[in-house]
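Reading through the structure tokens given below for one structure.
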Protein chains: 2
Amino acid sequence: MTGARPPAREGEPPTGTTRERRARPTYDPSSLVEVAARVFNERGYDATSMEDLSAAAGITKSSFYHHVRGKEALLRAALERALDGLFGILEEPAAVAGSPLTRLRHIVRRQVEVLAAELPHVTLLLRLRGNTETERWALGRRREFDAAIAALVREATAAGELRAGPDPAVDARLLSGLVNSLVDWYRPGRIAVDALVAEVDRMAFEGLLANVPATGGPAS
Amino acid sequence: MTGARPPAREGEPPTGTTRERRARPTYDPSSLVEVAARVFNERGYDATSMEDLSAAAGITKSSFYHHVRGKEALLRAALERALDGLFGILEEPAAVAGSPLTRLRHIVRRQVEVLAAELPHVTLLLRLRGNTETERWALGRRREFDAAIAALVREATAAGELRAGPDPAVDARLLSGLVNSLVDWYRPGRIAVDALVAEVDRMAFEGLLANVPATGGPAS
DNA sequence: TCCGCAGTCGAACGATCGTTCGGTCGGTCG
DNA sequence: CGACCGACCGAACGATCGTTCGACTGCGGA
């Protein structure tokens, strides 16, 4: 990347306990992962240098290496956090019991919530290109998650709870795409998460058109 | 990027006229832009080296520079192609006349079609991070396009053609997100573009649920 | 026949990348 | 007080980046 960098920000020391200066910073690894995930999303993983990361953390590049193993380890840690959040949804009681449609709607709701709660980490996951082994591993796990949703869409369609189309797999792709597109514009505080869930559920299951009868909102 | 590269492919000479070898290649700039856009999407713009690009074109890095001005110029050319396609939609007769909903549905249909026809270029546009001046310019243009759609959604909502929600701007974001998410999975030949248009239109305007009355498909 | 020139290439440039290393500083504890 | 240690830093490493340069090649027009 040769061009001039965007605005550029950051530089405050680090974690919660705001002491004078150089008092007792003690970076814990997870807070550095958080910083890294945020910068990765701003610049893109490949365009982010370790200099960028260490500057965002408020220390030099060599100090930064005292706390983390390397760039790819930071990426992996952030992706694991995102994947843990997503796969956790699939094990919730409401995701494994009930009619296919009820389970699907629960998962969509929770997916929006996890997305909002772990925005930087999930954003990172959704923008992977698969250049390193770590990225390919995460992409594989993500495909597993999408496959689970696709299976549920297929079930719900077979049960007559969703409109039969030419291909339920396409419906599943569109549904996942709709939910995942949130990372491109949603920012915490912009609108309440509950309102966001309601909007996504309505769009996905009832559409934008007027004059259609209400068919029961998401299990709230 | 230190890690091992993904599979790696490509290497055939270049353009349509399949001559023996080294007969009369004559690379035209637009075909190189196409190659570049494809590789940019596979690896990501920042992770793509000029070596990668020239190899995909079948020549050396220095030969490649004989035909193109540089990496960023290739990006700009690809982005211009995507933006031209998208903004062209807004000038079509069916996009400027008729009820807000009719115009909106026409634009969505055409947006899907342009997305399918210019898949690599639009994909590139939708994955920008804004690291260079070129990227920020393209992001600005893209925001203009999204704003046009958002205005139309607002009109259609005010006219009672779309269900009133807490915020039409959110509906517009979701609609754009749904359409744009196609670049993450659609590949030419996977399903017919007409079928894709129908699926997206149904999902966006009528939702996935069963037992709702048909409300008239997109103007076809 | 010879010239020009587009196409190709190897080699190298300065810059920046991720990472390592040796050493300094300032607290903590025996 | 002195040994120790975690936090921190400057400097440098080899590799790779985007880009430039000069030279070679082979065909078309004069």
Side-chain angles (χ1 to χ4, degrees), chain A residues 1-5 8 11-15 17 19-29 31-32 35-36 39-40 43-77 131-135, chain B residues 1-5 8 11-15 17 19-29 31-33 35-36 39-40 43-78 131-135:
Chain A
M1 190 64 53
T2 319
R5 278 297 172 72
E12 74 286 6
T15 39
T17 60
R19 294 281 285 275
E20 281 290 32
R21 229 173 203 275
R22 191 60 34 74
R24 200 99 302 266
T26 308
Y27 293 86
D28 62 302
S31 81
L32 291 183
V35 167
V39 182
F40 283 157
R43 307 222 197 289
Y45 175 73
D46 291 294
T48 301
S49 68
M50 292 302 278
E51 185 75 46
D52 291 332
L53 295 181
S54 61
I59 53 182
T60 64
K61 195 164 52 152
S62 35
S63 298
F64 196 71
Y65 267 95
H66 184 72
H67 301 282
V68 302
R69 275 227 311 278
K71 193 180 180 185
E72 196 165 353
L74 281 168
L75 176 64
R76 170 172 274 265
N131 288 330
T132 66
E133 198 50 54
T134 295
E135 296 184 53
Chain B
M1 189 65 53
T2 320
R5 279 295 172 71
E12 73 287 7
T15 38
T17 60
R19 293 283 284 275
E20 283 289 28
R21 230 173 200 275
R22 188 62 35 71
R24 200 101 302 269
T26 309
Y27 294 85
D28 61 303
S31 80
L32 291 183
V33 169
V35 167
V39 182
F40 283 157
R43 306 222 197 288
Y45 175 73
D46 291 293
T48 301
S49 68
M50 294 301 278
E51 185 76 47
D52 291 332
L53 295 181
S54 61
I59 53 181
T60 63
K61 196 163 54 152
S62 35
S63 297
F64 196 71
Y65 266 96
H66 184 73
H67 302 281
V68 303
R69 274 225 313 276
K71 193 179 179 185
E72 195 164 353
L74 281 168
L75 177 64
R76 170 171 274 263
N131 288 330
T132 66
E133 198 49 54
T134 295
E135 298 183 51

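Note on naming: letters A, B, ... go to the chains in the order of the sequence lines (proteins, then strands), and numbering restarts at 1 for each one.
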Mind calculating the distance between [atom1] ([X]) and [atom2] ([N]) to the nearest angstrom?
X	N	atom1	atom2	answer
I59(B)	dG10(C)	CD1	P	12 Å
Y45(A)	dC17(C)	OH	P	14 Å
D46(A)	dT16(D)	CG	C1'	13 Å
L75(B)	dG18(D)	CG	P	13 Å
Y65(B)	dC17(D)	OH	P	11 Å
L74(B)	dG18(D)	CG	P	11 Å
M50(A)	dC8(D)	CE	P	15 Å
E51(A)	dA15(C)	CD	C1'	14 Å

Looking only at side-chain atoms of [X], point me to the closest of [options].
X	options	result
H66(B)	dG10(D), dA7(D), dG7(C)	dG7(C)
K71(A)	dC21(D), dG18(C), dG10(D)	dG18(C)
S63(A)	dG10(C), dG18(C), dC9(D)	dC9(D)
S49(A)	dC17(C), dC9(D), dC17(D)	dC17(C)

Exercise. For the side chain of K61(B) and the backbone of S49(B), is there at least one donor-acceptor N/O pair under 3.5 Å apart?
Worked result: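 No: the side chain of K61(B) does not pair with the backbone of S49(B).
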Exercise. Closer than 4.0 Å, any side-chain N/O of H67(A) to the OP1 or OP2 of dC8(D)?
Worked result: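 It does, given that an N or O in the side chain of H67(A) lies less than 4.0 Å from OP1 or OP2 of dC8(D).
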For this session: Determine: side-chain N/O of S62(A) to OP1/OP2 of dC9(D), distance under 4.0 Å, yes or no.
Result: no
For this session: Check whether any side-chain heavy atom of Y45(A) lies under 4.5 Å from a side-chain heavy atom of D46(B), and answer yes or no.
Result: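 SC-SC contact between Y45(A) and D46(B) ruled out.
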Problem set entry | Flag side-chain contact, heavy atom, 4.5 Å: I59(B) against H67(B) | yes
Problem set entry | Identity of whatever pairs with dT19(D) - Watson-Crick or G-U, under 3.5 angstrom | dA12(C)
Exercise. So how far is it from F40(B) CZ to K71(B) NZ, rounded to the nearest 0.5 Å?
Worked result: 6.0 Å
Exercise. Rounded to the nearest 0.5 Å, how far does CZ of R76(B) lie from OG1 of T134(B)?
Worked result: 4.5 Å
Exercise. Has the side chain of K61(A) got a donor or acceptor atom sitting under 3.5 Å from an opposite partner on the base of dT19(C)?
Worked result: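 Counting by modelled atom types and ignoring angles, a donor-acceptor contact under 3.5 Å is found here.
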